[in-house]
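Numbers here simply count residues along the sequence, with the first being 1.
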Amino acid sequence: MNDYTQKFERIHPQTPFSRLAVESRRFVQEKALRHRFTLQELKQVCDIARDLELWNEAPIQQVWPADTGPSREDKRRILAALTAHWQRLRETPNSYAGFHKAPPRAEQRIVFGERRKGALGLGDCPVASPRTRCCNLMTLDAVENCGFDCSYCSIQSFYHGDRVNFDPGFAEKLAALELDPKRIYHIGTGQSSDSLMWGNRGGVLDALLAFARAHPNVILEFKTKSKNVAHLLRNELPPNLILTWSLNTPTLIDHEEHLTASLEERLTAAQRVAEKGALVGFHLHPMIHYDRWEAEYAALFEALLARFDPRQVALVSLGTLTFIKPVMKRIRERDFRSKILQMPLVETAGKWSYPEAVKLDLFRHAYAGLTPWHEEVFFYLCMEPATLWPRVFGFDYPDNAAFEAAMKAHYMEKIEALRKY
């Protein structure tokens, strides 16, 4: 075994090499030995090779530039041409026509367990950043890990495997939580898992409903991609509960939000709880740019306007794909097909996302499409730079505290209207 072969065996585990198809692995190894790739060069090649597989594009061996001989100049030329091809694919709007996804994780593989002993999982939003305009949401980890399998989800970087944990002492810990009765709290349960997909398993929903009734100064938000509202419909819902649905177009739900409820199922579930008298809200997050995005999102906006009275709707949030490197690494490790990384990534506020121009197109389209709701519904950008606000909404808040105060004031006004009703 020569020196470089030993080096290759040492460095390739630090790249997606092992996740490549057999033919691609053989090809990449042959080229690595020929050109004596450094770790960074090998990672660059393997990232591109893996992305081509995920995107259902021609494999790396079919797009490899002409290889005239092992020299530094030849290596630089090859890597530059390969990167240019990869970048062109990222900058071309995705098309899901003819895209064949691999089967997502099977539901039956989920294993239920008990959370480790510890305090109640109440804290700050895990994705909050001082570089973005943040509402200072508090998050409550009622359940750990999600049974849905959205390709872009950040939960996959927090939890691994298919074990979903419930805290056996959750109800007691929640009931014992001491809160300042003079302070308004905004608490969400949809950060470490979907808020509704498990129903009342482990008594979670009963505990949360009791908590909301006991603390009228708490705005409790459930966030979901589920249709599972049966337990809620059997119970009296406190007015300080807001049920919010993350929505996307049917194309994106089908190809990137595996195992979730369809758009029609989500809208029907939201209608049912709204008809029961609960406040609802919608997260158009992540909005994703692809070849038919304008028409398909416009149809989604029209459905919302047709099916919901703005008096029933507390909020609409807008946001798009935002990645940290561990999530991108995890996506390349998955056994599925996804176009979610086939996008022009730029660094924004310490994370990776669309260029500003793409974001503005997406957000302006949504805000304009929901114009009839502007006066009665609270619109905001989630995890986005403050500089985008005036160009989307025509206004901004001076800081996160002012944003938080405005959000809470709007929600409490809607809640008080329900209490009077």
Next on the checklist: Assess, by modelled atom type and distance only, whether the side chains of Arg292 and Thr249 contain a donor and an acceptor separated by less than 3.5 Å.
Outcome noted: no

Any side-chain donor-acceptor pair under 3.5 Å between His285 and Ser317?
no

Rounded to the nearest 0.5 angstrom, the CG-OH distance for Asn56 and Tyr96 is 11.0 Å

**Message:** Run Arg50 and Thr15 through side-chain hydrogen bond (donor to acceptor under 3.5 Å, both in side chains) and show every step you take.
**Reply:** CA-CA 10 Å; Arg50 183 60 181 145; Thr15 76; over 6 Å; no

Review point. With a 3.5 Å cut-off and no angle check, do the side chains of Asn200 and Asp206 form a donor-acceptor pair?
Key: yes

Worked check of ring pair (Phe, Tyr, Trp, His ring centres under 6.0 Å) between Phe148 and His258
CA-CA 6 Å; Phe148 294 144; His258 314 301; over 10 Å; no

* **Aromatic centroids of Phe363 and Trp389 separated by under 6.0 Å** => no

On a heavy-atom basis, the closest approach of Phe403 and Cys135 is CE2-N, 3.4 Å

Query raised in the report: So, the side chain of Arg90 versus the backbone of Pro344: is there a donor-acceptor pair under 3.5 Å, distance only?
Result: no

When rounded to the nearest 0.5 Å, the distance separating CZ of Phe166 from CG of Asn145 is 10.5 Å

For residues 379-406, the salt bridge (charged side-chain N to carboxylate O under 4.0 Å, His left out) pairs (sequence neighbours left out) are Arg133-Asp396, Glu356-Arg391, Lys359-Glu384, Glu404-Lys408

| Distance-only donor-acceptor check, side chains Ser338 and Tyr152, under 3.5 Å | no

ask   = Would you find a donor on one side and an acceptor on the other, under 3.5 Å apart, between the side chain of Asn94 and the backbone of Gln342?
value = yes

**Message:** Surrounding CD of Gln87 (heavy atoms of other residues, nucleotides or ligands, distance under 6.0 Å), is the total greater than 12?
**Reply:** yes

Check this for me, if you would: do Glu264 and Arg307 make a salt bridge, where the nitrogen-to-carboxylate-oxygen distance has to be below 4.0 angstrom? yes

- Message: Walk me through whether Glu221 and Tyr411 qualify under side-chain hydrogen bond (donor to acceptor under 3.5 Å, both in side chains).
- Response: CA-CA 11 Å; Glu221 180 179 345; Tyr411 293 175; 5.0 Å; no

Rounding to 0.5 Å, atoms CZ (Phe8) and CG (Leu42) come to a distance of 5.5 Å

CH2 (Trp352) and CE (Met328) are apart, to the nearest 0.5 Å, by 6.5 Å

Closest non-hydrogen atoms of Ser353 and Thr320, given as atom of the first, atom of the second and distance, are OG-CG2, 3.9 Å

* Can you establish whether the number of heavy atoms outside Glu294 located under 6.0 Å from its atom CD is more than 12? => yes

*Could you tell me whether Lys329 atom NZ has more than 12 heavy atoms of other residues or ligands within 6.0 Å of it?*
no

Taking every heavy atom of Glu53 against every heavy atom of Leu20, the minimum-distance pair comes out as OE1-CA, 3.6 Å

Here the gap from Ile415 atom CD1 to Ile219 atom CD1, rounded to the nearest 0.5 Å, amounts to 5.0 Å

ask   = Hey, is the main chain of Ser226 close enough, under 3.5 Å, to the side chain of Trp245 for a donor-acceptor pair?
value = yes

Value for CG (Leu341) from CG (Leu321), rounded to nearest 0.5 Å, stands at 8.5 Å

Please determine if Arg364 forms a cation-pi arrangement with Tyr367, meaning its NZ or CZ atom is less than 6.0 Å from the six-membered ring centre and no more than 45° off the ring axis.
-> no

Checklist entry - Does a side-chain N-to-carboxylate-O contact under 4.0 Å join Arg19 and Asp335? => result yes

Exercise. Do Asp309 and Arg311 sit within salt-bridge range, that is, some charged N less than 4.0 Å from a carboxylate O?
Worked result: yes

Here the pair of heavy atoms bringing Gly281 nearest to Val313 is CA-CG1, 4.4 Å

Discussion item. Assess, by modelled atom type and distance only, whether the side chains of Asp291 and Ser95 contain a donor and an acceptor separated by less than 3.5 Å.
Written reply: yes

request  = Could you tell me whether Arg337 and Glu57 have a side-chain N and a carboxylate O separated by less than 4.0 Å?
outcome  = no

Sorted by chain and number, sequence neighbours left out, ring-ring contact (aromatic ring centres under 6.0 Å, His included) with His365 holds for Trp293, Phe301

From the list Cys150, Ser195, Cys146, Cys153, side-chain contact (heavy atoms from CB on, under 4.5 Å) with Lys225 holds only for Cys150

- Begin with the C-alpha distance, continue with both residues' side-chain angles, and end with the deciding distance and a verdict on side-chain hydrogen bond (donor to acceptor under 3.5 Å, both in side chains) for Asp194 and Thr224. CA-CA 5 Å; Asp194 186 276; Thr224 187; 2.7 Å; yes

Angle between ring planes, Tyr380 versus His283, binned at 30° and 60°: parallel, tilted or perpendicular?
perpendicular

Here the pair of heavy atoms bringing Leu259 nearest to Gly147 is CD1-O, 3.5 Å

For this session: Apply the test salt bridge (Lys or Arg N to Asp or Glu O under 4.0 Å) to residues Glu41 and Lys75: give CA-CA distance (whole Å), side-chain angles for both, the deciding distance (0.1 Å), then the verdict.
Result: CA-CA 10 Å; Glu41 290 166 345; Lys75 179 167 66 171; 3.0 Å; yes

If you take the centroid of each ring, where Trp contributes its six-membered ring, are Tyr185 and His215 closer together than 6.0 Å? no

Under 3.5 Å, is there a donor-acceptor pair between the Glu144 and Ser193 side chains? no

Item checked: Glu347 and Lys351 ion-paired at < 4.0 Å -> no

The side-chain contact (heavy atoms from CB on, under 4.5 Å) partners of Pro238 (sequence neighbours excluded) come to Leu209, Ala212, Arg213, Asn240, Leu241

